[in-house]
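Everything on this sheet refers to the single structure shown next.
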Amino acid sequence: MAYDHRSIEATWQKRWEDEELYRARVDWDRPKHYALTMFAYPSGDLHMGHWYAMTPSDARARYQRMKGYNVLFPIGFDAFGLPAETAAVQRGVHPARWTWQNIDRMRSQLRSMGAMFDWQREAVSCEPDYYKWTEWFFKKMFERGIAYRGEAMVNWSPTLQTVLANEQVIDGKDERTGQPVIQKLMEQWFFAITRYADELLDFEGIDWPEPIKTMQTNWIGRSEGARVDFTIPDGDAVGEKLTVFTTRPDTLWGATFMVIAPEHPLVGSITTDDQRDEVERYVAAAASRTELERTAEDKEKSGVFTGGFAVNPVNGEKVPVWVADYVLISYGTGAIMAVPAHDQRDFEFARSFGLRIVPVIQPEGQDPLHEPSMTGSYVGPGVMTNSGPLDGVAVTEKKGRANPSIAAALDWLEANGAGTESINFRIRDWLISRQRYWGSPIPMIHTADGAVEAVPDADLPVILPEDVEFHGRSPLVETPEFLAVTDSTGAPARRETDTMDTFMCSSWYWFRYLSPQFDEGPFDPEEAAYWLPVDTYTGGAEHAVMHLLYARFFVKAMRDMGVFSETEAAMIAHERQPDQLFDEPFTMLRNQGQILGEERIGDRLVIAADEVDGRYVATSVRVEPDADDAAGDVVGELMRRTENILQVQDGAAVVTVEVPDSATIQVPNVPGANEVNQLKHHLEIQRMSKSKGNVVNPDELVVDFGADTVRTYLMFAFEWQKGGPWNSQGIMGSRRFIEDVWKIGTVDYAPSSETDDASVALRRRIHQTIDRVDNGMNTFKWNTSVAALMALRNEMTDAARRGSVSAAVWNEGVDTMLKLLAPIAPHITEELWRLRGNDVSIHLQAWPLFDSAIAAEDMITMVVQVNGKVRDRIEVPADVTTEDAESLALASERIREWTEGTTIRKVISRPPKLVSIVAN
RNA sequence: GCCCGGGUGGCGGAAUGGCAGACGCGGCGGACUCAAAAUCCGCUGUCCGAAAGGGCGUGUGGGUUCGAAUCCCACCCCGGGCACCA
């Protein structure tokens, strides 16, 4: 019987759906497992990246199910967002139509995966049923004072009179029109995520990757220090206070100037008339630069003097106030005190503009720091100097109060009313306003007197008007029927036209999955009481900070708003303790990498080279796609480049060529003599554009090879956390494996040369495979699980050919292999399982039990090293004693040759694996 | 620039501080075939060697250790994120 993946996959997908095999229902008698894969954006076609994210997660959900859990594995669409609106502007398709077409298409593509999605729980964030509750959450946030109005910078296109997304701005210009974009302050809606900053730093009780926790910790950026007020002594701003936050209050006596952000509210009043033109020019220029450009530390320091001064409260000194764009209005107070002697950025700034540098920390055992001879700031430990009351206090490398000098400074500031001990966070409040159409409306009303009030619950959701046109800016601002409302007193008012950041939709979707039709609240407490929290969350590491931090914040805010009170009551009714279950959304998190397009064929290079000491050193290199083999000393495809070393496939051999600076380079479309750097650049650009442009279409592969093969390949060919470029040849190995499984599952096995040894050996291998597949599943290293199954396939194929094992062991092998493979390749294993006479789905079977006694090897190859090098291998019993291992090693003929004429200094034994002999 | 991760054969990758390269792709050789494909068998890090065997080898340089892909320090390169892509 031939393996026909098309009919097998179609048949089983239909039967599973008809039989509701993957419906997840609350069952308090069974342990639950909520497996979640990240909310999918309906971008159009399902691509290999979706398969890569979802099918291993599906396999693990299936594995958990066979392990005895009642598993929920839902799916839905993150359907609001910028691309739909871009399609509307560019191609005249309504965002809703574009989005729903994509969703329909992706639904059918997703079904071809054979995943155990419970489609009856599907949720789509652009449906009014869904965004009603997104709006409801906003209202809750507003009522609790978490949602508030504030000012933030936007990318403003004066030409289009609209706000642009960061990705629409390239080099300070609109990517489509090429017109300039400026940074502009605008009043918008925020969520006060900073109130949860301290709690978000606590990852206790959740199993998340260390790097993600580190990135979030750094993003939140808690630092301890002091707030200090500098006072403006004269001019228009006389009496105003410039507040700075500093982590180094001990260096206040060395503060010789101040720097404020170009957007600082006091810029105008501090600036003197002489300096006004220059300052205004500088502020305007800063508005055209992105934050990333402004803070990059390798750039030249820029800044201008305002002409104004401020008084340093610790010593009464007047210090000049400068404006510079490396100070950001969004971080700290938007003003800094500059201590050039002990901060490198301040030092460079001071040297660029000839500002005073006063050392206040004296490194011990060195000559006193002397300003003119300093070549950089000093940031190490020492003793305070030039600092009045702090002189002589020790400075360590510790942060905060743990550093004696900082502790002394804080005490002095508080005692003298010059400043307050304070904690600053790098994280900013979450800007949730978007000046766009295709998002969840913000359910707020602007009254005639300038106040804001929430839309009454009975009027939720605020529905997006459908009959609108797209010219560039949000149609909401020009749709009178949408704008015109009455406030709570019945007076005419204006509806809020900002919509919400789509991260808002994706901050609670896993709650909606629990009960997408529920209309009495965002989710059904009875479902939530059983399924929450999410046990396994899988998705891309590109979401390490923002989405995952917003999601954590959201759940904590929900908890504090009492959203879970009914859920908690339901839990208690079922004797489940709700303690701390609503502190974090995702108990376990794992990230996959990205699948890139297939790597292109490399550049064909023609190289003239000299052979020097067996290496090739190029005198000229040119890139020429159709060069003849005889065109140079080395001609062929570039396989790899590392720095100025090229590896070129020249005929059958890979030749390594060094390209010195003296070589002449010719790159197409770049006239004249080129440098090595240009060659590198050319090769780099080609690679990237190609790898990003080559989209691999899973549909064709599913038709040609079957979903089981594609799933197996995706789980086998990559290190899941890392990802990598697609390789269209590699998939044949997985196809052959699946075909071999078919042969093993359908062969009419009859022992012909059966031996007990062979049966014992195969059983051993079967149990070793259970262990290895288990390990791979538990550690998300699917490739090792598949490799173990392939190795078992090799043994089974061999046993079948020889007829060397008993029928009972053969059948144990087939059944075990099918069960172990079932999560990875669900269709073929189901088909073979049924063909073998089983009535109940393989996906409802219990996972095979591992027996370590059966898996144990009785003989082990022991390695014998002499001075760290392997010199012999000896077969020993697995339970060999240290004494026996050493005497066997020392008695070895080969070891005696290697130790002859030397004295044995030491013998290290790690029986049964290794004996290491040190001799000289 | 800052934060996080990675670098192992021609390629994807494996390896609780203890045999580097499991498993697979590709390649080479052979069987089957009129032939090709498919399939099956064998070999396949690299250099020296007829072989036995030996030297070298996990981005680069140093260190710890009887022993390092694995731990430590410095550097180079690649990927992700940097708050309006999601």
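Just so it is clear: chains get the letters A, B, ... in the order the sequence lines come, proteins before strands, and each one is counted from 1. Every value quoted in this text rests on a predicted model; they were computed, and no experiment measured them.
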Do A/Y509 and A/L36 make a side-chain contact, defined as non-hydrogen atoms from C-beta onward lying under 4.5 Å apart?
yes

I want to confirm an ordering. Mapping A/R873 and A/F80 to their closest nucleotides on RNA chain B, which one lands closer to the 5' end?
A/R873

Going through the distances and angles, do A/E900 and A/R896 end up as a salt bridge (Lys or Arg N to Asp or Glu O under 4.0 Å)?
CA-CA 6 Å; A/E900 203 174 32; A/R896 277 201 265 170; over 6 Å; no

Would you state whether a donor and an acceptor, one from the side chain of A/Q216 and one from the base of B/rC4, lie under 3.5 Å apart?
no

A/R905 (side chain) and B/rC66 (base): donor-acceptor pair under 3.5 Å:
no

Given atom OH of A/Y3 and atom C1' of B/rA38, what is their separation to the nearest angstrom?
17 Å

On the side chain of A/Q435, is there an atom forming a donor-acceptor pair with the base of B/rC84 - under 3.5 Å, no angle test?
yes

Nucleotide of B/rC85, B/rC4, B/rG24 approaching A/T214 most closely (side-chain heavy atoms):
B/rC4

Between atom NZ in A/K722 and atom C1' in B/rU8, what is the gap in whole Å?
9 Å

Which is true for A/V545 with a 4.0 Å heavy-atom rule: it touches a base, it touches only sugar-phosphate, or it touches nothing?
nothing

State whether the distance check finds a donor on one side and an acceptor on the other, under 3.5 Å, for side chain A/Q721 versus base B/rG5.
no

What is the separation between atom CD on A/Q768 and atom C1' on B/rC23, rounded to the nearest whole Å?
15 Å

Got a minute to check which stems RNA chain B is part of, using Watson-Crick or G-U wobble pairs under 3.5 Å, three or more consecutive?
B:1-7 with B:76-82, B:10-12 with B:23-25, B:26-31 with B:39-44, B:45-48 with B:53-56, B:59-63 with B:71-75

Table please: side-chain donor-acceptor pairs of residues 902-915 of chain A below 3.5 Å, with sequence neighbours left out.
{"unit_1": "A/T902", "atom_1": "OG1", "unit_2": "A/T899", "atom_2": "O", "d": "2.6"}
{"unit_1": "A/R905", "atom_1": "NE", "unit_2": "A/N920", "atom_2": "OD1", "d": "2.6"}
{"unit_1": "A/R905", "atom_1": "NH2", "unit_2": "A/N920", "atom_2": "OD1", "d": "3.0"}
{"unit_1": "A/S909", "atom_1": "OG", "unit_2": "A/E886", "atom_2": "OE2", "d": "2.5"}

Quickly work out the A/I220 CD1 to B/rC4 P distance and round it to whole Å.
14 Å

Nearest-angstrom distance from the residue atom NZ of A/K781 to C1' of B/rG6
14 Å

